[in-house]
**Q** 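Mind having a look at this structure? Questions to follow.
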Amino acid sequence: MLDIKLIREQPDLVRQRLASRNAGDEARIDELLKLDEQRRKLLAEVEGLKAQRNRVSKEIGALMGQKKIEEAEAKKKETRDLGDKITELDKHAAAAEAARDEILLRLPNLPHETVAVGKTAEDNPVMRTWGEKVNFSFKPKSHVELCESLKLVDFARGAKLSGSGFLLYTNWGARLERALIQFLLDLHITQHGYTEVSPPYVVSRDCMVGVGQFPKFVDQAYAVREGEDNSTLGSLYLLPTAEAPVANIHREEILAEKQLPIYYCAYSPCFRAEAGAAGVGTRGMIRVHQFDKVELIKIVKPEVGYDELEKLVGNAEKVLQLLELHYKVIQLCTGDMGFASAKTYDIEVWAPGQGQYLEVSSCSNCEDFQARRMSMRFKTETGENKFPHILNGSGTALARLFVALVETHQQADGSVLIPAALQPYLKTDRIQA
RNA sequence: GGAGAGAUGGCUGAGUGGCCUAAAGCGCAGGUUUGCUAAACCUGUGAACGGGAAACUGUUCCGAGGGUUCGAAUCCCUCUCUCUCCGCCA
């Protein structure tokens, strides 16, 4: 959520930066300001009336105490309709506030000034690359072929169980998935200073609003219903990312300054309806309704937000380096950035069987955008309450990492070599038929 | 699912319609004094949203939402959560 005071004081700046996202959100600022103005006017009016009522009520109390019943009754008559006016004005003020917040909750974050201006993914600048595309002396297979020949994933039965976009990992495939999860958690916890948490996989609506998934992207989530009871629909959702619960751990709290920075690391499956997305329904593991992910969350003081973002990306890159996978880091341009983010780096790993780069990590500084929605603050030494920066990054997404891994390390004989860093977890150096 | 008990400031906890401007204690911060692994005393100590250049000031908040009343932490209704016991259950 954007700071309403900033919008009030510098509407042109806000309009201009929203416009750089190329989504037309700046058009709503005038309406927003009008509602804000209206709300404040009503508030001033109704608060004046309330002050008056409080004053007179106190006088009545005093008169009653002195048994001056008649005088008290006269005062009561005098203020009787004050209450009605207050109720009426309260309603209007609440309506103006609700309308204002409705717009505010749907406005995306402002891009940071260092973010490249652009319209689509084609305008995303490449920051750096690591390693290079593998040279094969044979025609590399796609992960789908490898998964079938090595019996790592049973695509047909996965679809039978839950429909397209759901995977049934089998034997070494299931073990590889589990080994990767363990490897990722251990790396971030022991080498990068994160604290492991294991959150609920079903989260409240408030959590979804807090991270900015809702209200705008409600169609992308799986809603949970208890049995056939439709009244239970709409309060709980399957998590689309561990960011939803983990970033909300300290919602509505005022943290002590010395508690910061907080680094959390969490494994969870991620559930995405992917309504209208291309690629769902096709075979493979690139875009699915359920995938595993290890997520990194940071809650930090604003002044270090962007240093922490660079470190966060580095933590995710380390994963690919240890797994000996070629990747590039790109910065998302203003037109391609997610709703809550002020600055985002994506890491794309090379998948030779696909002949393309796959997004396996997205690292963002959301600044105070989410903290405002969650009402998460920290108290400075001077006693001031401030919003922290909240950062999130995949460290990393699993299904696509799995794809890059088997496609990159495949051998001419159809087997897959396991990188040294992963061998202690998988307890083999090679997967073969 | 059934029965019962609860929810008050950072924490403990009093408060059953009007000086509640929420007692008291603990904690925390500052000060004074004595001197030494600290103690005593004094003062202060929440949040949100408004108004104001500022000093300051108004409103709201006692789990949440409604209601009664001139006036609600307090009375009424609905809901949520926590705890205890029973049932079911991995």
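Each chain gets a letter, A, B and so on, in the order the sequences are listed, and its residues count up from 1. Quick note: numbers below take in every heavy atom, side chains included, and nothing from hydrogens, waters or symmetry partners.
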**Q** Taking 4.0 angstrom as the limit, do A/K34 and A/E31 come out as a salt bridge?
**A** no
**Q** When the distance from CZ of A/R251 to P of B/rA47 is rounded to whole Å, what number comes out?
**A** 20 Å
**Q** Quick one: which of A/R400, A/Q410, A/E407 gives a side-chain hydrogen bond (donor to acceptor under 3.5 Å, both in side chains) with A/H143?
**A** A/E407
**Q** With both distances under 3.5 angstrom, what nucleotide forms a Watson-Crick or G-U wobble pair with B/rG1?
**A** B/rC86
**Q** Nearest-Å distance, CG (A/L104) to P (B/rA48)?
**A** 17 Å
**Q** Counting only side-chain N and O atoms of A/R53, is one of them less than 4.0 Å from OP1 or OP2 of B/rC70?
**A** no
**Q** Can you tell me how far C1' in B/rU57 sits from the matching atom in B/rA39, rounded to whole Å?
**A** 41 Å
**Q** Figure out the CD/P separation between A/Q52 and B/rG71, and round it to whole Å.
**A** 13 Å
**Q** What does B/rU59 pair with, Watson-Crick or G-U, if both distances are under 3.5 Å?
**A** B/rA48
**Q** Hey, are A/E102 and A/R106 close enough for a salt bridge, meaning a charged N less than 4.0 Å from a carboxylate O?
**A** yes
**Q** Side chain of A/E47 only, heavy atoms from C-beta on: which candidate in B/rA47, B/rC70, B/rU59 is closest?
**A** B/rU59
**Q** According to a strict under-4.0 Å criterion, is A/R80 in side-chain N/O contact with OP1 or OP2 of B/rG71?
**A** no
**Q** Considering every strand and a 4.0 Å limit on heavy-atom distances, what is the contact class for A/I60: base, sugar-phosphate, or nothing?
**A** base
**Q** How long is the line joining CD of A/Q259 and P of B/rG10, in whole Å?
**A** 14 Å
**Q** Specify the residue among A/E97 and A/G83 whose closest nucleotide of RNA chain B lies further upstream toward the 5′ end.
**A** A/E97
**Q** What is the pairing partner of B/rU21, taking Watson-Crick or G-U wobble pairs with both distances under 3.5 Å in any strand?
**A** none
**Q** What distance, rounded to whole Å, do you find between the two C1' atoms, one in B/rG15 and one in B/rA73?
**A** 8 Å
**Q** Salt bridge between A/E257 and A/K379, side-chain N to carboxylate O under 4.0 Å?
**A** no
**Q** Starting the side chain at C-beta, find the nucleotide from B/rA47, B/rU59, B/rG50 nearest to A/K50.
**A** B/rU59
**Q** Using heavy atoms to find the nearest nucleotide of RNA chain B for A/A62 and A/G48 separately, return the residue whose nucleotide is more 5′.
**A** A/A62
**Q** With a 3.5 angstrom cut-off on both distances, give the Watson-Crick or G-U wobble partner of B/rA7, or none if there isn't one.
**A** B/rU80
**Q** Check whether any side-chain N or O of A/N54 sits under 4.0 Å from OP1 or OP2 of B/rU59, and answer yes or no.
**A** yes
**Q** Which whole number of Å gives the distance between the P atom of B/rC83 and that of B/rU32?
**A** 47 Å
**Q** Look at A/K50 together with A/D90 and state whether they make a salt bridge at an N to O cut-off of under 4.0 Å.
**A** yes
**Q** Work out how far the P atom of B/rC42 is from that of B/rC26, and round it to whole angstrom.
**A** 11 Å
**Q** Check the distance between B/rU69's C1' and A/E73's CD and give it to me in whole angstrom.
**A** 12 Å
**Q** In terms of side-chain heavy atoms of A/R8, which of B/rG50, B/rA48, B/rU59 is nearest?
**A** B/rG50
**Q** With ring centroids as reference points, do A/F369 and A/F339 lie under 6.0 angstrom apart?
**A** yes
**Q** Does a salt bridge link A/R283 with A/E148, judged by any charged N lying under 4.0 Å from a carboxylate O?
**A** yes
**Q** Over how many whole Å does the gap from A/L89 atom CG to B/rU60 atom P extend?
**A** 14 Å
**Q** Using the P atom in both, what is the distance from B/rG27 to B/rA22, to the nearest Å?
**A** 22 Å
**Q** Is the distance from OP1 or OP2 of B/rU59 to the nearest side-chain N or O of A/R55 less than 4.0 Å?
**A** no
**Q** Counting only Watson-Crick pairs (N1-N3 plus N6-O4 or O6-N4) and G-U wobbles (N1-O2, O6-N3), all under 3.5 Å, who is the partner of B/rU68?
**A** none
**Q** Pairing check on B/rU43: which nucleotide meets the Watson-Crick or G-U wobble criteria with it, both distances under 3.5 Å?
**A** B/rA29
**Q** Please state whether the phosphate of B/rG50, meaning OP1 or OP2, lies under 4.0 angstrom from any side-chain nitrogen or oxygen of A/R39.
**A** yes
**Q** Pull out every residue in residues 195-214 of chain A that has a heavy atom closer than 4.0 Å to any atom of RNA chain B, ordered by number, or say none.
**A** none
**Q** Between A/K85 and A/E88, does any NZ, NE, NH1 or NH2 come within less than 4.0 Å of an OD or OE carboxylate oxygen?
**A** no
**Q** Provide the distance between the two C1' atoms, one in B/rG65 and one in B/rU80, to the nearest whole Å.
**A** 10 Å
**Q** When rounded to the nearest Å, what value does the distance between C1' atoms of B/rU68 and B/rG52 take?
**A** 37 Å
**Q** Take the protein atom CD1 of A/I254 and the nucleotide atom C1' of B/rC11, then report the distance between them rounded to whole Å.
**A** 15 Å
**Q** Using a strict threshold of under 4.0 Å (side-chain N to carboxylate O), is an ion pair present between A/D30 and A/R15?
**A** yes
**Q** Under 4.0 Å between a side-chain nitrogen and a carboxylate oxygen: does that hold for A/K293 and A/E295?
**A** yes
**Q** Within the pair A/R40 and B/rC49, is there a side-chain N or O less than 4.0 Å away from OP1 or OP2?
**A** no
**Q** Measure from CD on A/E59 to P on B/rU69 and round the result to the nearest Å.
**A** 21 Å
**Q** Looking only at side-chain N and O atoms, does A/K379 come under 4.0 Å of OP1 or OP2 in B/rA47?
**A** yes
**Q** In Watson-Crick or G-U wobble terms, both distances under 3.5 Å, what is the partner of B/rC36?
**A** none
**Q** Between B/rG9 and B/rA23, how many Å separate the two P atoms, rounded to a whole number?
**A** 13 Å
**Q** Does B/rA14 have a Watson-Crick or wobble partner in any strand here, with both distances under 3.5 angstrom, and which is it?
**A** none
